[in-house]
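For clarity, every value in this text was computed on a predicted model and none was experimentally measured. Values below: all heavy atoms of this structure, side chains included; hydrogens, waters and symmetry mates excluded. Whatever order the structure lists ligands and atoms in, that order sets their numbers, starting from 1.
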Amino acid sequence: MSCPDKRVRVALQGVVQGVGLRPYVFDLATRHGLSGFVVNNSDGVLLEVQGNEAAVDSFLASLPRLLPPLAFLVDMRVDPIPVEARPGPMEIRTSQTGAWRNVLIAPDVATCDDCLRELRDPADRRYRYPFINCTNCGPRYTIIDDVPYDRPRTSMARFEMCDACRAEYENPRDRRFHAQPNACPRCGPKAWLCLPDGATIACADPIAEAAHRLARGAIVAIKGIGGFHLAADARNDQAVRSLRARKHREEKPLAVMCRDMDEVRRLARVDDHARALLSSRHRPIVLLPKQPGHDLAESVSPANTHVGVMLPYTPLHALLLDDAPACLVMTSGNVSEEPIAKDNQEALERLGPIADIFLMHDRDILVRNDDSVVAVDGGKATFVRRSRGYVPLPIVLSRSGPCVLAVGADLKNTICLTRGSMAFVSQHVGDQANLAAYESFRDAITHLERILGVEPTRVAADLNPDSMPSRWAEECGLPVVHVQHHHAHVAACLAEHRYEADALGLALDGVGLGEDGSVWGGELLVANQKRYRRIGHLDQVRLPGGDQAARQPWRMAISHLIHTYGDAWESHLPAPLRQVDASKRRAVAELVRTGAGSPWTSSAGRLFDAVSSLCGLVHENRFEARAAVALEMAAWRARDRADAYVWAPRSRGDVIVLDPSEIVAQVIQDRTAGVDTASIAMRFHRGFAAGWAGACAIARRRSGLSTVALSGGCLQNRLLARLLTEALTADGFDVLVHEKVPPNDGGLSLGQAVVALHA
Ligand code: ZN
Ligand code: ZN
Ligand code: FE
């Protein structure tokens with residue numbers, strides 16, 4: 001023979017168990033004519049293969065490339081070992097027993113094509129069975145209570161597999177080999193329909209009946225993977241309006257679920273990238289521009305150029321959408337800002353006043369997990385919310401350290417745990433505004449600690465002692481590392497890119513407490529994953545009434561007018577602000593003058609609010625960032641018509657300052673001259689991006705750093721993100737943007753964790 005024989009031992013770590021990895025290795029090795037074995041162990045999967053050198057090398061090259069869908073490799077270690085004299089055929093060995101704490105859990109992923117085929121095949125024993133799954137698909141994270149991951153530690157424990165299911169489960173050549181949620185109509189979970197009082201509605205096919213009622217305008221609460229949805233026909237304006245009224249959600253856009261890609265195309269513009277995301281196994285909600293002439297009810301996302309769309313991701317959704325209207329509103333099953341309901345009884349109590357009927361099932365959801373939301377622009381995807389379908393996949397860091405728990409921000413809360421060099425950012429926990437949210441926060445911590453098998457030795461929390469997560473941190477008994485909000489934003493971005501050196505960090509954000517006690521939010525830093533220095537910022541204005549300013553952009557408009565024109569502010573008052581009661585305007589002006597309860601702020605987000613209000617777009621933020629989103633939407637309408645406001649950074653000692661009065665004055669001049677709002681909005685965006693790019697150029701001259709990390713809630717603004725990236729790239733900067741966690745406060749816990757890890 002031409003090639004000598006070779007034997008290697010391969011250790012695979014990551015999400016490698018219960019995802020069909022052993023059968024995959026077995027098949028691949030067999031096809032390469034290799035002998036050896038594959039086995040699960042406490043670190044993941046271990047295998048040894050032997051054969052001629054070329055075949056072994058080809059096997060090793062293919063191994064990480066053709067992984068089964070749920071597998072996620074964190075590490076693959078290959079060691080050559082002595083060849084065995086008489087190797088037997090390739091075999092799958094039974095698992096070693098021991099501590100299994102290092103094995104990772106897969107996220108919940110969408111139903112695979114094989115399962116969908118069986119679902120619709122009248123000859124299959126799982127025909128129309130809404131809980132069909134296999135090793136390549138189905139729920140994982142939300143049904144697991146503890147590790148090691150096997151059936152007794154999942155919410156499938158009480159369903160004993162029938163003989164047919166068990167045979168599949170135990171057969172290494174079967175697609176359901178060790179698929180823990182494996183089930184069938186004989187032995188598995190069941191769905192039923194009931195009224196808000198819990199009384200079962202007798203019907204032959206609860207899913208078909210639910211579809212039927214949706215078509216007739218009903219609001220249906222549907223139990224899914226990570227919680228309940230509230231569904232209604234998205235073309236039935238009356239149904240959507242009553243859903244909004246009952247849910248106390250006036251304007252915030254509602255997501256929709258479409259039957260298939262053709263239906264998505266009817267409603268929205270979809271490019272290749274968006275299509276790939278929509279049909280990926282993660283199945284996020286993707287924010288897409290509405291198709292001109294679409295026939296969605298206006299009340300789905302009023303006054304918004306975009307709509308959040310997803311495709312069915314469970315067999316239950318697939319069956320429902322086969323019969324229901326082709327596009328359903330599918331919004332989180334909660335009342336306004338509370339956490340999503342997940343238990344049957346809880347859902348009846350909390351959603352009873354909202355839903356007409358409930359589509360229930362008896363597979364318990366052990367942890368809440370909202371749908372993920374992704375924005376796409378020019379081939380780039382940015383998380384708005386990273387949750388179901390992605391969590392708990394780790395983010396691999398550039399170094400390892402002690403186990404850290406980071407508790408995140410007050411708004412859009414997530415928590416983060418580190419283990420070795422991996423960071424695990426939790427599902428979306430949400431705004432910490434009430435007791436239910438606080439309980440959800442604590443549940444997220446204990447659940448993640450348990451399934452990772454870790455005990456943190458230190459806690460990372462925001463500087464702000466009043467934030468709920470910070471208060472929890474102070475009382476938890478562990479040493480606390482305080483991390484400044486905008487350093488955490490930038491550190492999260494650096495960590496994603498495993499960027500160890502110093503970089504410029506531009507945090508364009510709502511608000512976060514600064515080291516000097518003022519409220520920061522438009523910050524230029526020199527930062528690494530350990531420390532930072534503030535080298536530039538937006539010039540400060542008053543935040544009239546503190547938190548109230550975020551809810552009432554007109555307050556910021558007045559603050560910025562006073563900053564720009566001093567006592568003469570009223571003579572520059574644009575017409576739209578006259579809609580606000582004169583006595584209220586003067587009261588706010590008084591707050592600005594005296595500073596009572598009105599700290600100084602350099603917030604970029606609040607400047608967007610102010611300009612939105614000055615343009616007459618939004619005076620009241622009935623949901624978070626409504627004013628800023630309206631300004632972005634207005635700017636998109638101007639496309640290439642408008643130029644940029646002139647906005648030049650200045651040096652104040654060592655500090656680079658951008659003075660908002662210069663850009664606000666141009667807004668007012670344009671308004672006085674009768675320029676249309678779209679052009680004003682676009683000029684503002686362009687000037688704002690150019691101003692910061694200019695500030696970065698000065699910072700580069702002073703520091704020698706030519707890499708910029710962009711972060712903060714304002715980067716959710718796709719137009720701003722694009723303009724900034726273009727301007728900085730054109731000027732020769734290397735630009736780092738978020739790809740793995742959101743730029744908003746949902747990504748904050750990652751940044752807090754890495755700073756504490758390095759501390
Ligand atoms: Zn499947
Ligand atoms: Zn069965
Ligand atoms: Fe923030």
S.K.: Flag the pair Arg117 and Asp114 as a salt bridge only when some basic side-chain nitrogen lies within less than 4.0 angstrom of an acidic carboxylate oxygen.
M.R.: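 Result for this pair is yes, salt bridge flagged.
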S.K.: Can you tell me if Thr142 and Asp108 form a side-chain donor-acceptor pair at under 3.5 Å?
M.R.: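 Result is yes, a qualifying pair exists.
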S.K.: Would you confirm whether the ring centroid of His361 sits within less than 6.0 angstrom of the ring centroid of Phe131?
M.R.: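 They qualify: ring centres under 6.0 Å apart.
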S.K.: Check the side chains of Asp745 and His489 for a donor-acceptor pair under 3.5 angstrom, ignoring hydrogens and angles.
M.R.: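 A donor-acceptor contact under 3.5 Å links the two side chains.
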S.K.: State, without any angle test, whether His485 and Asp509 hold a side-chain donor-acceptor pair at a distance under 3.5 Å.
M.R.: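 Side chains of His485 and Asp509: pair found under 3.5 Å.
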S.K.: Among the N/O/S atoms of Asp509, select the one at the shortest distance from the Fe ion (ligand 3) and name it.
M.R.: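 In Asp509, the N, O or S atom with the shortest distance to the Fe ion (ligand 3) is OD2.
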S.K.: Kindly confirm or rule out a cation-pi arrangement of Arg151 over Tyr169, judged by NZ or CZ under 6.0 Å from the six-membered ring centre and within 45° of its axis?
M.R.: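 Checked: cation-pi criterion not met.
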S.K.: Looking only at side chains, do Arg551 and Gln548 share a donor and an acceptor under 3.5 Å apart?
M.R.: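 Not at all, the side chains of Arg551 and Gln548 share no donor-acceptor pair under 3.5 Å.
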S.K.: Angle class for the Phe608/Phe688 ring planes (parallel below 30°, perpendicular above 60°, tilted otherwise)?
M.R.: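 Phe608 vs Phe688 ring planes: perpendicular.
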S.K.: Do Gln716 and His738 pair up side chain to side chain, a donor and an acceptor below 3.5 Å, judged on atom types alone?
M.R.: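 Absent: no donor and acceptor within the cut-off.
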S.K.: Which N, O or S atoms belonging to the protein are less than 2.8 Å from the Zn ion (ligand 1)?
M.R.: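 Near the Zn ion (ligand 1), the protein supplies Cys112 SG, Cys115 SG, Cys134 SG, Cys137 SG.
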S.K.: Can you tell me if, anywhere in His489, an N/O/S atom lies at a distance from the Fe ion (ligand 3) that is smaller than 2.8 Å?
M.R.: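 Checking His489: at least one N, O or S atom is under 2.8 Å.
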S.K.: Scan side-chain atoms only and decide if Gln180 and His178 contain a donor-acceptor pair under the 3.5 Å cut-off.
M.R.: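 No - no donor-acceptor pair under 3.5 Å links their side chains.
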S.K.: The Fe ion (ligand 3) is nearest to which N, O or S atom of Asp745?
M.R.: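 In Asp745, the heteroatom (N, O or S) nearest the Fe ion (ligand 3) is OD1.
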S.K.: Going by chain and residue number, what protein N/O/S atoms come nearer than 2.8 Å to the Zn ion (ligand 2)?
M.R.: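 Sorted hits: Cys162 SG, Cys165 SG, Cys184 SG, Cys187 SG.
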S.K.: Applying side chain to side chain contact (heavy atoms under 4.5 Å, CB included) between Asn464 and each of Val519, Val511, Leu513, report the one that passes.
M.R.: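 With Asn464 as partner, Val519, Val511, Leu513 yield a single side chain to side chain contact (heavy atoms under 4.5 Å, CB included), made by Leu513.
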